[in-house]
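What follows is a set of notes on a single structure, which appears directly below.
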Amino acid sequence: MRRRDFIKGAAVASVAAGAGVAAPMAQAQEKIQWKMVTTWPKSFPALGTGANYLAELITTMSGGRLEVKVYGAGELVPAFEIFDAVSRGTAQMGHGAAYYWKGKSEAAQFFSAVPFGLTAQEMNAWLYHGGGMALWEEVYAPFGLVPTAALNTGVQMGGWFNKEINTLADLKGLKMRIPGLGGEVLRRLGGTPVSLPGGEIYSSLKSGAIDATEWVGPYNDLAFGLHKAAQYYYYPGWHEPGTTLECFINKEAFEALPGDLQAIVLTASKAANLDGLSELTARNNQALHTLVYQHKVALRQFPAEVLAQLKKVSDEVVAEIVSKDPLGRKVYDSFTAFREQAAAWHDISERAYLNARRG
Ligand code: CA
């Protein structure tokens, strides 16, 4: 035993002595390959390309030491199986939206979008400086996943309909693709919410398998051709006021990375989060212009009374859903307290300024 200890000790000492010279070379040669699976069609505008951008950033920032290869929905696993695939280590990263996983945890939905919840700016503030990230980590820990915010869509559109929405009764009986908590609100109002991955929306609306859909905003909706399947385009997206799209990482794989690569993964996610929001903000209005003036889409605002009633029902539904789950309750309490103070501040900053600018 003593002899073995001595040999082991000597080996450690010799490595330590040579570390100053040998380590940089060993580090340069170390190469880790990760797979990123996504819920988006491969290279789909802003969402798929956002996933590509994140993968490229990590690969470039690490000097190729951590190379991430992206797989679109269905290439390696189907869109809605990526959570399980990364959880069990089939892939090391996933790119999607947390409300797709409400079947795993109701609390997950708070980290994508809450009806009448936080805007993009507020969402990032809650996640990065209001305790949100730590709660998200707690929600994903039982699944062996580490979450990051990887893109924000800003305020989405209300959706595509083949009839006007004048009262809440017009939502009754409606079979609509609308995920997460917004979907639960529609169910409460007598509609049938359906959760479909992006790649299946157009064909389902066109064939009449669904009556209505929401997706993201003009830039993404135009790319899907949703104007060819529905006539009325409603705003605002009350159900998704600043949706965070996520990246999640297999926890074991993440923890096996050296500290600098972990920092690169987290920092690249923050950069991608900013880049995606900037891209959509830059492109949405031009796409809306094309939809309205070139494709003759009927742009409609939800009536104020409909929005007021939707807010009332939304607040009830959200509170009720989390009441069944202690962790959901904890997330809800943090989220709603943050929303209250963010709203107070934004009343005298963003809202006051936007009103003033309009003149
Ligand atoms: Ca959406």
Side-chain angles (χ1 to χ4, degrees), residues 38-41 44-51 73 79-80 82 95-102 108-120 122-123 149-161 165 171 174-187 189 191-205 210-227 229-230 232-246 273 276-277 279-281 283-284 287-288 291 297 299-302 307 310 314 317-318:
T38 74
T39 57
W40 327 112
F44 184 73
L47 313 182
T49 56
F80 286 165
I82 68 164
H95 198 282
Y99 49 36
Y100 291 148
W101 323 123
K102 68 171 189 166
Q109 300 173 94
F110 284 86
F111 303 101
S112 47
V114 173
F116 300 94
L118 303 176
T119 64
E122 294 166 348
M123 192 68 187
L151 203 154
N152 196 301
T153 65
V155 180
Q156 298 200 359
M157 288 292 283
W160 295 88
F161 301 83
I165 305 298
L171 297 174
L174 204 68
K175 191 171 179 185
M176 179 172 179
R177 185 271 178 191
I178 174 170
L181 293 162
E184 288 308 312
V185 174
L186 180 70
R187 191 194 308 280
L189 295 168
T192 305
V194 182
S195 193
L196 289 173
E200 294 171 28
I201 296 175
Y202 173 77
S203 56
S204 301
L205 188 59
I210 54 175
D211 304 315
T213 189
E214 66 78 57
W215 174 228
V216 183
Y219 182 57
N220 290 109
D221 294 7
L222 174 64
F224 264 169
L226 296 177
H227 56 282
Y232 296 102
Y233 196 23
Y234 270 87
Y235 70 96
W238 56 274
H239 62 302
E240 298 201 50
T243 304
T244 292
L245 304 182
E246 65 182 359
N273 191 17
L277 177 63
E279 184 184 4
L280 290 176
T281 305
R283 306 217 189 289
N284 268 332
L288 184 63
L291 286 168
V297 161
L299 184 65
R300 294 278 191 279
Q301 184 171 11
F302 286 119
L307 287 172
L310 282 170
S314 294
V317 166
V318 173

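Remember, it's 1-based here, ligands and their atoms both numbered in the order they're listed. Here, residue 1 is the first one in the sequence, and each next residue gets the next number.
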Inset, instruction - Mark yes or no for whether N284, through its side chain, and Y219, through its backbone, hold a donor-acceptor pair below 3.5 Å. - result: yes

Legend entry - Environment of the Ca ion (ligand 1) in terms of protein N/O/S atoms, cut-off under 3.0 Å: Q156 OE1, E214 OE1, E214 OE2, W215 O, E240 OE2

Inset, instruction - Describe, in one word, how the ring planes of F161 and Y234 are oriented to each other, choosing from parallel (under 30°), tilted (30 to 60°) and perpendicular (over 60°). - result: perpendicular

Inset, instruction - Say whether, by atom type as modelled, one donor and one acceptor occur between the side chain of R177 and the main chain of E214 under 3.5 angstrom. - result: yes

Legend entry - Non-neighbouring partners of N220 that pass side-chain hydrogen bond (donor to acceptor under 3.5 Å, both in side chains), sequence neighbours left out: none

Legend entry - Which residues share a salt bridge (charged side-chain N to carboxylate O under 4.0 Å, His left out) with E122, sequence neighbours left out: none

Inset, instruction - Under the side-chain hydrogen bond (donor to acceptor under 3.5 Å, both in side chains) rule, collect the residues that match up with Q109, sequence neighbours excluded. - result: E106

